[in-house]
Every structure is written in structure tokens, then in C-alpha cells.
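Data block below; observations after.
Quantities reported herein were computed from a predicted structural model and do not represent experimental measurements.
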Amino acid sequence: MKLHHVIEGPDDAPALVLLCSLGSTVDMWAPQRRELADEFRVITIDTRGHGGSPVPDGPYRIEDLARDVLETLDEVGVDRASFAGVSLGGAIVQWIGLHAPERASTLAMLCTAARFPNAETFRQRAETVRADGVAAVADAVVARWFTEDYAKAEPDTVARMRDLIASTPAEGYAGCAEAIADWDVVDELGGIRVPTLVVAGVEDPATPPEHQQVLADGIPGARLECITDAAHLASYQRPDVVTPLLREHAKGVS
């Protein structure tokens with residue numbers, strides 16, 4: 001299906017696609033979108049079931065979410081792009097690298113995993129939000145997005161992100177949580193041949209750095225960068241480090 005998206009930057013610039021984490025929208029990429037639009041055609045996309053995108057009944061698969069992205073790019077006339085995704089978005093990036101490498105010039109996988117820890121937790125979370133709404137899990141989720149020090153220093157940001165999570169449609173959140181629970185490509189990573197950057201948040205409790213190490217070890221030639229003072233939403237908490245990394249990687253600068 002065609003997804004809600006925002007396009008920024010010159011029409012003739014190389015395309016850079018930004019994909020979101022579970023429970024977020026294009027707003028999670030606010031620190032990167034406009035800054036990278038100085039030399040990329042930045043296309044930020046709301047995942048199925050999130051933000052302004054359609055909310056079909058679940059369950060979903062990562063393949064479904066990735067095909068949505070590719071169909072959306074077809075609609076806007078983009079045949080090939082660099083892709084960057086956080087968490088759920090990083091799994092979508094992996095699928096594209098495995099199954100549609102001709103569409104990708106580079107890949108960046110942030111705070112994600114080839115197999116997410118505690119898959120049953122995501123299935124339980126899907127049951128909870130279908131019964132009680134996403135607000136029932138929003139506090140626990142946002143606590144994993146930022147370090148404790150950042151949360152104390154930036155309470156307004158944390159509150160805004162908590163509200164972002166809580167506003168996610170229940171079926172959209174649940175369907176994507178089930179997609180995460182079923183995701184396992186640990187044994188397929190060697191098939192990704194697109195230049196890949198892997199980014200870990202050193203203090204990420206949701207996908208600890210050992211999961212990004214699996215990606216970096218399994219994907220031929222992948223580069224791993226570990227970001228200090230960052231939890232699961234490393235791109236938002238540490239744009240001073242993450243944004244230059246994404247820029248350099250998408251430009252092919254090692």
C-alpha cells in the first residue's frame with residue numbers, strides 16, 4: 001500500500017529514505033530530515049499503521065512493511081535510494097537489502113536486530129494494546145528510547161515522544177509488534193551485499209549493542225559505530241554524531 005511520506009530537499013538530489021521505529025512517525029527523524037535535505041532528496045515515511053499511513057488489520061510481516069515502502073517510492077518516481085531505519089525501520093532495511101538490493105545504494109541500520117530479543121514480549125504487547133490502547137504501554141516504551149540522564153534533562157521532549165507513542169493506532173502498533181516478534185534473518189545476513197552502516201546505542205536496553213554486533217559480523221563489509229550516551233532512539237538523542245554518520249555513509253565516504 002502507499003504510505004504517508006514527507007519529501008524534503010532538491011528533486012534532482014540522491015534519494016535518502018528514512019524509516020521509523022515502532023510507535024513513531026516521521027517526527028522521530030526531525031533532527032535529521034531538514035539537515036540532510038541540503039544535499040539529499042530526503043523521503044521520510046510513516047510505517048503501515050502509524051501516523052498518516054493506512055491502518056489495515058494485522059498481523060503484518062516485515063515483508064509487507066518493506067513492500068509498502070517500495071510501492072511508495074514507485075509512486076514518487078524513486079528507483080534507487082539510500083535507506084536508513086531505526087529498530088522496526090532497521091528490519092525493513094534488512095529485508096530490502098536481502099530481497100530488493102537493486103533498489104538500494106547504501107543501507108543504515110540503527111538500534112535494530114536480525115532477531116529481536118524477547119519475541120514473546122512483543123506478542124504480549126500486541127495483545128495489551130488491542131485490549132487497552134497504546135497508552136497502556138507508552139510509558140514503558142519511551143523509557144527505553146532515552147538514557148536516564150537525557151530524560152531528566154529533557155522532560156518536555158520525553159513527554160512529547162510519549163504522546164507520539166500513545167497516539168499510534170492500536171491495530172497498527174499491534175500488527176507491527178507481531179512483525180517484529182516473527183523477524184529472524186540471522187542466518188541470511190551474508191546475503192546482504194549493499195554497503196551497510198550499523199549503529200548501536202551503547203545504553204540501548206531494547207536492542208543492546210550485541211545485537212548490532214551480530215548484524216555487523218554477519219553482513220559482509222558492514223561498519224559498526226557504537227554511540228555513547230544513547231539508548232534506543234540514538235538518532236534523536238545524539239544527532240551530533242548520528243547525522244554526520246548517515247550523511248557520510250549515504251555519500252559513500254568511509
Side-chain angles (χ1 to χ4, degrees), residues 3-8 16-36 42-55 58 60 62 64-66 68-69 72 83-94 108-113 116 121-122 125-126 128-129 133-147 150-151 154 156-181 183 199 201 204-207 227 230-239 242-243 246:
L3 304 173
H4 173 258
H5 57 277
V6 177
I7 300 179
E8 295 157 298
L16 172 60
V17 177
L18 303 178
L19 303 175
C20 301
S21 63
L22 178 64
S24 71
T25 71
V26 295
D27 291 338
M28 67 149 283
W29 284 106
Q32 283 77 38
R33 282 168 40 193
R34 291 173 182 82
E35 185 164 343
L36 292 172
V42 179
I43 306 167
T44 315
I45 299 178
D46 280 336
T47 310
R48 173 190 296 207
H50 289 64
S53 290
V55 189
Y60 313 149
I62 298 297
D64 300 325
L65 309 182
D68 293 344
V69 169
T72 302
F83 292 86
V86 175
S87 194
L88 171 64
I92 296 171
V93 170
Q94 293 168 54
M109 306 168 186
L110 292 75
C111 301
T112 188
F116 285 80
T121 299
F122 285 99
R125 203 184 297 179
T128 298
V129 301
V134 181
V137 302
D139 288 329
V141 171
V142 79
R144 293 171 170 261
W145 280 12
F146 303 108
T147 62
Y150 182 89
E154 301 289 343
D156 291 344
T157 297
V158 174
R160 186 169 65 252
M161 290 305 214
R162 188 261 177 211
D163 291 344
L164 182 72
I165 297 164
S167 68
T168 306
E171 188 60 25
Y173 191 101
C176 288
E178 289 165 335
I180 287 173
W183 181 243
V199 175
D204 181 0
T207 52
I227 311 301
H232 194 53
L233 214 62
S235 56
Y236 203 98
Q237 183 170 346
R238 294 298 313 274
V242 173
T243 305
L246 294 178

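Summarising the geometry of Val86 relative to Ser235, their closest heavy-atom pair is CG2-OG, 3.8 Å, with the distance given to 0.1 Å. Here the shortest heavy-atom pairing between Ala91 and Phe116 reads CB-CE1, 4.1 Å. Among all heavy-atom pairs drawn from Leu246 and Ala108, the shortest one is CD2-CB, 3.7 Å. The shortest non-hydrogen separation linking Arg48 to Cys176 is O-SG, 3.5 Å. Annotation for Ser21 and Met28: closest pair N-SD, 3.4 Å, computed over non-hydrogen atoms. Closest approach of Thr47 and Cys20 over heavy atoms only: OG1-O, 4.0 Å.
Side chain of Glu8 to backbone of Thr44: no donor-acceptor contact under 3.5 angstrom is found. Proximity of a side-chain donor or acceptor of Thr207 to a complementary backbone N or O of Cys111 within less than 3.5 Å is detected. Of the possible polar contacts, one joining the Glu171 side chain to the Gly58 backbone as a donor-acceptor pair under 3.5 Å is found. A donor-acceptor contact shorter than 3.5 Å links the side chain of Arg144 to the backbone of Pro205.
When side chains are defined from C-beta on, Phe83 counts as touching Val69, because their heavy atoms get closer than 4.5 Å. His5 places none of its side-chain heavy atoms less than 4.5 Å from the side chain of Asp46. You'll find the side chain of His232 stays beyond 4.5 Å of the side chain of Phe146, heavy atoms only. Under the 4.5 Å side-chain criterion, counting only non-hydrogen atoms from C-beta, Phe122 is in contact with Leu22. By the 4.5 Å heavy-atom criterion applied to side chains, Leu3 and His50 are not counted as neighbours. In this structure the side chain of Arg162 never reaches within 4.5 angstrom of the side chain of Trp145, judged on heavy atoms. In this structure, Val137 and Val129 have side chains that are in contact, with non-hydrogen atoms separated by less than 4.5 Å. Between Thr25 and His4 the shortest side-chain heavy-atom distance does not fall below 4.5 Å.
With rounding to the nearest 0.5 Å, the separation of CD in Gln237 from CE in Met161 is 11.0 Å. In this structure, the separation between OG1 on Thr112 and CD1 on Ile180 is 8.0 Å, given to the nearest 0.5 Å. The OG atom of Ser167 sits 12.0 Å away from the OH atom of Tyr173 when rounded to the nearest 0.5 Å. Separation of atoms CG (Asp204) and OG1 (Thr147) is listed at 11.0 Å; rounding is to 0.5 Å. To the nearest 0.5 Å, the span separating CD1 on Ile45 from OG1 on Thr72 amounts to 5.5 Å. How far CG of Leu88 is from CH2 of Trp183: 10.0 Å, rounded to the nearest 0.5 Å.
A side-chain N or O of Gln32 and one of Thr243 form a donor-acceptor pair less than 3.5 Å apart.
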Test side-chain contact (heavy atoms from CB on, under 4.5 Å) applied to Tyr150 and Thr157, step by step: CA-CA 9 Å; Tyr150 182 89; Thr157 297; 3.7 Å; yes

Pair Val26-Arg33, side-chain contact (heavy atoms from CB on, under 4.5 Å): steps then yes or no: CA-CA 9 Å; Val26 295; Arg33 282 168 40 193; 3.9 Å; yes

Test side-chain contact (heavy atoms from CB on, under 4.5 Å) applied to Ile43 and Leu16, step by step: CA-CA 6 Å; Ile43 306 167; Leu16 172 60; over 6 Å; no

